[in-house]
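I have placed the structure first, in the form of structure tokens, so that the comments after it can refer back to it.
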Amino acid sequence: MLKVAMLSRWHVHADEYARTVINTGKAEITCVWDDDAARGAKFAQDLNCDFEPDLDKLLARDDVDAVVCTTATTLHHDVLIKVARAGKHIFTEKALAPTVKECEEIAAEIEKAGITFVISMPGRNSPVIRLAKKLIDEGAFGKISLVRMRNGHDGVSGGGLPKYWFDESMAGGGALMDLGCHPMYQACYLLGKPKRISAILTSPYGNPVDEAATASIEFENGAVCTAETSFVTFNTPGAIEIYGSDATLLAYGNSVKFYNKTLKQYTKEYVVPDLPEQLPIPLIMFVDACVNGTGTPENFGTKDAIDLTRLLENSYISNRENRIVEL
């Protein structure tokens, strides 16, 4: 049985992750640490486990094999370096850290320790992204010119997010640093290496961090991805549009339509393709990798985490300096 420590209840997914760990039947939560002692003690009470206010003491415990990191994003660097040096496996909420420099320093300690690391990029295992990846790898689109991705909710306008979510000193940013991660890591997965980026961030409700953001990313293969995210849109389905010289794919939620030049001789209508199955979420992959000793799963490691933060960090630079940033 894998023995897991939960590191903080700061993140809105902390409770969900704790339930997921327990429900695997392969892991148990032995203790909790939190920089907010009252919050951490309540979390531990709810999980019926120990609360340890001293992170160093927690990491020295024999009943901690791995951690789930749901601290404030700006704490990840210091916390995860300690975890890596203690030789504990790491699952972390995205983003790994707000800057590439911090990510690279964490990654160096992880590599040195030889531990399993997984970052939460669940979109990469979704049926729609798996279908898009398969079609792209098969060359079905020909030359891709444009991809649009959207991920949003009304966490600000609907009042569903805690106030500290808008404190840059903890969150590292706003909508882009949180929800904006999803279209960005999916874009890299589908399109390869990014070349340059520009972004516009807005706060229509007046919070001190971005509440909505649009980033345009040019990739080395010539494709451009427009990545859109928001905390102020009602009932927003995740959307992916892929436009190529030979085919088009339109996906809204799990509703997918596809049309290509081969179909043109038979029909003028889009067809509905069969979707691949949903693969396990990254946290379940992490537990399995730790239990089975198989190491970090492909596409969920430190390189992927650094690639994501490179887009995030330079999006904020682009918006702040009102310019396109070469990557």
*Could you walk me through whether Thr294 and Asn292 pass side chain to side chain donor-acceptor pair (under 3.5 Å), step by step?*
CA-CA 5 Å; Thr294 52; Asn292 299 326; 5.3 Å; no

*asked:* Assess the residue pair Asp246 and Lys143 against the criterion (salt bridge (charged side-chain N to carboxylate O under 4.0 Å, His left out)); give the C-alpha distance rounded to whole Å, side-chain angles, the decisive distance to 0.1 Å, and a yes or no.
replied: CA-CA 7 Å; Asp246 297 343; Lys143 187 72 172 174; over 6 Å; no

*Charged N to carboxylate O under 4.0 angstrom, Glu28 versus Lys3?*
yes

*So, do Tyr17 and Phe91 have ring centers that fall under 6.0 Å from each other?*
yes

_Checking the side chain of Thr229 only, and the main-chain atoms of Asn151 only, is there a donor and an acceptor separated by less than 3.5 Å?_
yes

*asked:* With a 4.0 Å cut-off on N to O distance, would you call Arg19 and Glu16 a salt bridge?
replied: no

*Please assess Asp154 against Val232 for the test side chain to side chain contact (heavy atoms under 4.5 Å, CB included), listing each intermediate value before the final yes or no.*
CA-CA 4 Å; Asp154 62 349; Val232 294; over 6 Å; no

*What is the distance from atom OG of Ser198 to atom CG of Asn319, rounded to the nearest 0.5 Å?*
10.0 Å

*Got a sec: does the CD of Glu298 have more than 12 other heavy atoms crowding it under 6.0 Å?*
no

*Would you say Ile317 has more than 12 foreign heavy atoms packed within less than 6.0 Å of its CD1?*
yes

*Between Val287 and Ala27, which heavy-atom pair has the shortest distance, and what is it?*
CG1-CB, 4.2 Å

*So do Thr309 and Glu102 actually touch side chain to side chain, heavy atoms under 4.5 Å?*
no

*asked:* For Ile115 versus Thr296, what's the shortest heavy-atom pair and its separation?
replied: O-OG1, 4.2 Å

*What closest approach, in Å, do Asp274 and Leu131 show between heavy atoms, and which atom pair accounts for it?*
O-CD1, 4.1 Å

_Point-to-point distance, once rounded to the nearest 0.5 Å, from CD1 of Ile197 to OH of Tyr316_ = 11.0 Å

_Counting only heavy atoms not in Glu269 (residues, nucleotides, ligands), do more than 12 fall under 6.0 Å from its CD?_
no

*Verify, without hydrogens or angle tests, whether His76 (side chain) and Ala95 (backbone) share a donor-acceptor contact under 3.5 angstrom.*
yes

*Does some side-chain heavy atom of Lys26 sit less than 4.5 Å from a side-chain heavy atom of Asp288?*
yes

_Please determine whether side chain to side chain contact (heavy atoms under 4.5 Å, CB included) holds for the pair Phe258 and Leu135, giving the CA-CA distance in whole Å, both sets of side-chain angles, and the decisive distance to 0.1 Å._
CA-CA 10 Å; Phe258 178 75; Leu135 291 171; 4.0 Å; yes

*CE on Met170 to OG1 on Thr74, rounded to 0.5 Å*: 7.5 Å

*Would Cys290 and Thr116 count as a side chain to side chain contact (heavy atoms under 4.5 Å, CB included) if you check the C-alpha gap in whole Å, the side-chain angles of each, and the deciding distance to 0.1 Å?*
CA-CA 7 Å; Cys290 291; Thr116 296; 4.2 Å; yes

_For Cys225 against Met149, the heavy-atom pair lying closest together_ = SG-CG, 4.4 Å

_Applying the salt bridge (Lys or Arg N to Asp or Glu O under 4.0 Å) criterion to Asp304, which one of Lys94, Arg310, Arg124 satisfies it?_
Arg124

*For residues Leu312 and Leu176, determine if any side-chain heavy atom of one lies less than 4.5 Å from a side-chain heavy atom of the other.*
yes

*Test His77 against Glu105 for side chain to side chain donor-acceptor pair (under 3.5 Å), laying out the working first.*
CA-CA 8 Å; His77 174 267; Glu105 289 172 355; 2.6 Å; yes

_salt_bridge(Asp35, Arg39) N-O dist < 4.0 Å_ = yes

_Asn125 side chain to Pro280 backbone, donor-acceptor under 3.5 Å_ = yes

_Are Tyr164 and Trp10, when compared by the centres of their aromatic rings, separated by less than 6.0 Å?_
yes

*Would the number of heavy atoms belonging to other residues, nucleotides or ligands and lying under 6.0 Å from CG of Asp56 be above 12?*
yes

*asked:* For Gly40 versus Val32, what's the shortest heavy-atom pair and its separation?
replied: O-CG1, 3.7 Å

_Check Glu52 with Lys57, please: is the shortest side-chain N to carboxylate O separation under 4.0 Å?_
no

*Should Trp165 and His11 count as side-chain neighbours, where that means a heavy-atom distance under 4.5 Å?*
yes

*From Leu191 CG over to Phe219 CZ, what is the distance, rounded to the nearest 0.5 angstrom?*
5.0 Å

_His89 ring center within less than 6.0 Å of Phe117 ring center_ = no

*What closest approach, in Å, do Trp33 and Asp54 show between heavy atoms, and which atom pair accounts for it?*
CD1-C, 4.0 Å

*asked:* Working note: Phe231 + Leu179, criterion side chain to side chain contact (heavy atoms under 4.5 Å, CB included); need CA distance, chi angles, decisive distance, verdict.
replied: CA-CA 8 Å; Phe231 283 163; Leu179 278 184; 4.0 Å; yes

_Straight-line distance of Leu7 CG to Phe43 CZ, nearest 0.5 Å_ = 10.0 Å

_For Asp62, I'd like to know if atom CG has over 12 heavy atoms of other residues, nucleotides or ligands within 6.0 Å._
no

_Pair Tyr252, Glu241: side-chain N/O donor-acceptor within cut-off below 3.5 Å_ = yes

*Any chance you could measure Ile217, atom CD1, to Cys188, atom SG, to the nearest 0.5 Å?*
6.5 Å

*For the side chain of Tyr185 and the backbone of Gly123, is there at least one donor-acceptor N/O pair under 3.5 Å apart?*
yes

*May I ask you to test the Arg196-Asn314 pair for a side-chain heavy-atom distance under 4.5 Å?*
no

*asked:* Taking salt bridge (Lys or Arg N to Asp or Glu O under 4.0 Å) as the criterion, tell me which of Asp15, Asp36, Asp34 meets it with Arg9.
replied: Asp15

*Crowding at CG, Asn322 (>12 non-hydrogen neighbours, <6.0 Å)*: no

_Strictly below 4.0 Å, N to O, side chains only: are Asp78 and Lys82 in salt-bridge contact?_
no

_Lys133 charged N/C atom sitting above Tyr189 aromatic ring, 6.0 Å / 45°_ = yes

*In terms of side-chain geometry, is the basic nitrogen of Lys193 or Asp307 positioned less than 4.0 Å from the acidic oxygen of its partner?*
no

*Hey, is CD on Gln278 packed in by over 12 heavy atoms from elsewhere, all under 6.0 Å?*
yes

*Exam field: side chain Asp210 to backbone Ala213, donor-acceptor pair closer than 3.5 Å*: no

